[in-house]
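Atoms within a ligand are numbered from 1 in the order they appear, just like the ligands themselves.
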Amino acid sequence: MRHLISVIMSVAALLAAVPALAVSIVPQPVSVRENRSVVRLPETLVFYGRSAELKDLAEVWGESFSSLAGFRTGSERNANVKLYTDASMAKEEYSLEVSVENGVVIRGGSPAGVWWGMQTLAQILLQTSGGEGKPFMVPGLMIEDRPHFPYRAGMLDCCRHFFTVDEVKEFIDILALHKLNVFHWHLTDDQGWRIEIRKYPLLTEIGAVRKETLVGSLDAKPEIYDGLPYGKGCFFTREQIRDVVAYAAARQVTIIPEIEMPGHAEAALASYPWLGCRGEGYEVWPTWGVNEEIFCVGKESTFRFLEDVLDEVCDLFPGEYIHIGGDEVPYVRWEECPDCQALMKREGITDVAHLQGYLFSHIEKYLNAKGKRIIGWDEILDAGVTPTATVMSWRGPSGGIRAARQGNHVIMVPNTYFYLDYYQTRDPRRYGEPQGIGGYVPLSKSYSFDPYDQLSEEERQYITGIQANLWTEYISSFEHVQQMILPRYTALSEVSWSEGKTDMENFRSRVKAVMLPMYDLLGLNYARYGFYE
Ligand code: ACM
Ligand code: ZN
């Protein structure tokens with residue numbers, strides 16, 4: 001008996017000796033092993049990287065996290081954070097080791113992998129800081145990590161409301177903080193054209209400005225407008241775009257620009273009325289929803305216009321993908337337009353929806369010849385999609401499931417899980433949420449998303465990644481942008497990066513331990529209420 005008690009006691013002692021992990025990380029890495037050593041790192045860290053790229057990453061990190069740690073660069077011998085690339089690893093893979101002998105060593109398959117490791121380092125330092133002017137006391141540890149999906153993205157709509165270059169850069173910083181590697185930049189819509197096109201200056205002279213803005217709920221009758229012109233000078237110049245592209249690249253983020261066609265185009269039609277079927281009577285739209293005024297595909301001049309615009313867009317954005325929209329296209333104008341009807345007859349097209357497919361396959365060929373690939377919203381599945389287009393599934397996951405089954409690549413951005421313009425609480429008025437578009441997507445809902453639901457092993461390979469959208473009809477300040485994406489980006493981050501999810505309680509406790517304090521440290525505004533549902 002005494003023997004049994006002593007066995008039980010020693011097992012209990014053994015269990016007690018296995019400590020809970022001292023550091024929480026979001027997104028959850030593939031593996032984290034902590035040991036009992038404690039590594040003391042000075043308040044000012046010395047970074048080493050051999051290549052210019054690694055040195056640049058160190059500089060960018062030093063700037064991004066200046067409120068967390070002091071920063072300077074040094075030699076391999078005296079550095080306490082050493083960065084290496086390792087060709088045997090996958091591009092975005094990294095390992096991070098903290099030891100008494102070597103300090104912090106981060107290895108990545110490419111600068112991107114190293115950079116994601118450096119984001120993890122920031123999370124570790126935040127939790128092991130002894131306070132201002134004091135050293136970090138970091139547990140000895142070994143982390144091995146890589147992303148599950150190659151495409152992990154956030155979209156920001158800069159049309160309904162405009163955000164400045166500095167704000168867009170801050171948005172990119174927030175993406176990187178969550179190990180998200182793609183910025184989908186929504187640049188043209190009915191309510192504002194926001195990218196300078198040299199050949200068509202009226203797009204931003206006329207197309208950027210609407211006479212007023214709907215501010216009440218979409219259901220309110222009569223509708224409530226603010227009576228204030230909006231958008232003069234609110235567009236990105238070519239120089240600004242080049243600057244933002246370089247800023248993103250330095251943070252391992254690729255930008256996908258979106259130029260909407262054939263719908264969501266009234267700002268373009270107001271600028272150049274010959275682009276529409278009726279040829280007159282257009283305005284930059286002051287309200288929200290689905291607009292019947294779309295590009296006329298029956299006129300050759302429309303194709304030349306779109307090609308010219310895309311020439312300039314391709315020139316500005318080095319990434320492989322161009323998003324060409326395709327959502328919410330009513331066909332009433334095409335049905336009544338003699339030019340569009342003549343095109344249908346000429347091409348033997350019997351369903352008006354397939355005029356959209358005709359446009360898309362023409363534009364896709366045009367872009368392919370420039371080395372680019374297209375993405376379209378899931379409506380293109382009904383408009384006659386080519387096998388090589390990537391489908392962005394937004395009306396729930398069903399479009400993505402359908403697309404994967406027919407062998408199209410898919411990006412999942414289901415409104416039911418990742419429309420971050422939707423409310424974060426069940427009772428927005430009670431929690432004091434600002435006026436929004438509707439919907440209900442609390443943090444737990446985003447976290448519950450299973451991108452492979454209903455898909456076979458074979459079909460799963462077509463799911464390229466996951467994205468969250470932020471449409472900005474009711475979001476006019478960047479503070480409000482932050483409050484809508486944070487902390488819900490933590491769910492996006494973990495669902496797209498981590499192979500296996502934890503339960504919600506574990507996830508929530510890690511978000512509380514590391515991400516909310518990180519937002520506080522960096523001065524980011526985040527929703528408190530949504531976090532608890
Ligand atoms: C969309 O939300 N109309 C893509
Ligand atoms: Zn037409």
Side-chain angles (χ1 to χ4, degrees), residues 153-157 159-160 184-191 218 256 258-266 268-269 272-282 285 288-303 305-306 323-347 349 352-356 358-359 375-383 390-400 403 410-422 436-439 441 467-475 484:
M155 185 222 65
L156 179 64
D157 166 14
C159 301
R160 278 51 178 271
H184 170 174
W185 202 355
H186 187 75
L187 287 163
T188 72
D189 217 304
D190 295 309
Q191 296 84 1
L218 266 172
I256 296 180
E258 183 186 358
I259 306 297
E260 278 264 21
M261 63 187 77
H264 288 281
E266 203 184 3
L269 272 50
Y272 296 100
W274 48 265
L275 290 167
C277 291
R278 291 183 162 180
E280 60 180 11
Y282 307 117
W285 217 28
W288 320 124
V290 176
N291 189 325
E292 291 178 351
E293 305 304 341
I294 65 176
F295 287 119
C296 174
V297 287
K299 300 186 185 78
E300 269 299 307
S301 49
T302 304
F303 286 81
F305 167 85
L306 292 171
H323 197 309
I324 57 173
D327 59 321
E328 300 179 318
V329 186
Y331 299 121
V332 285
R333 292 291 175 265
W334 288 356
E335 272 160 3
E336 68 195 18
C337 170
D339 295 322
C340 288
Q341 289 301 311
L343 175 64
M344 282 180 74
K345 209 175 253 164
R346 223 166 39 243
E347 294 293 326
I349 297 170
V352 72
H354 289 158
L355 274 181
Q356 185 176 342
Y358 175 86
L359 169 73
I375 301 176
W377 299 112
D378 60 43
E379 284 91 334
I380 65 174
L381 288 165
D382 294 316
T390 293
V391 174
M392 208 171 247
S393 185
W394 72 275
R395 295 175 297 176
S398 59
V410 173
I411 292 154
M412 286 289 197
V413 48
N415 56 350
T416 39
Y417 295 85
F418 285 114
Y419 263 36
L420 303 189
D421 54 338
Y422 287 12
I437 196 90
V441 174
Q467 172 171 310
N469 283 350
L470 191 69
W471 302 106
T472 59
E473 284 93 338
Y474 293 96
I475 301 170
M484 298 308 267

*Can you name the closest pair of heavy atoms from Tyr282 and Glu266 and give their distance?*
CA-OE2, 3.5 Å
*asked:* Within the 3.5 Å criterion, strictly below it, is a donor on Trp377 or Glu258 matched to an acceptor on the partner's side chain?
replied: yes
*asked:* Testing Thr472, Asp190, Asp189 one by one against Arg160 for a side-chain hydrogen bond (donor to acceptor under 3.5 Å, both in side chains), which residue passes?
replied: Asp189
*Minimum heavy-atom distance Asp157-His186, with the two atoms named*: OD1-CD2, 3.4 Å
*Indicate yes or no: at least one non-hydrogen side-chain atom of Met155 is less than 4.5 angstrom from one of Val413.*
no
*Output all residues satisfying ring pair (Phe, Tyr, Trp, His ring centres under 6.0 Å) with His354, sequence neighbours left out; order by chain, then residue number.*
none
*Can you label the angle between the Phe305 ring and the Phe295 ring as parallel, tilted or perpendicular, going by 30° and 60°?*
tilted
*Do Trp288 and Gln191 have side-chain atoms, one donor and one acceptor, less than 3.5 Å apart?*
no
*By side chain to side chain contact (heavy atoms under 4.5 Å, CB included) - contacts of Thr416 (at least two apart)*: Pro397, Pro414
*Ignoring waters, how many protein N/O/S atoms are under 2.8 Å from the Zn ion (ligand 2)?*
4
_Residue by residue, ordered by chain and number, which ones reach under 4.0 Å of ligand 1 with a heavy atom?_
Asp327, Glu328, Trp377, Trp394, Tyr419, Trp471
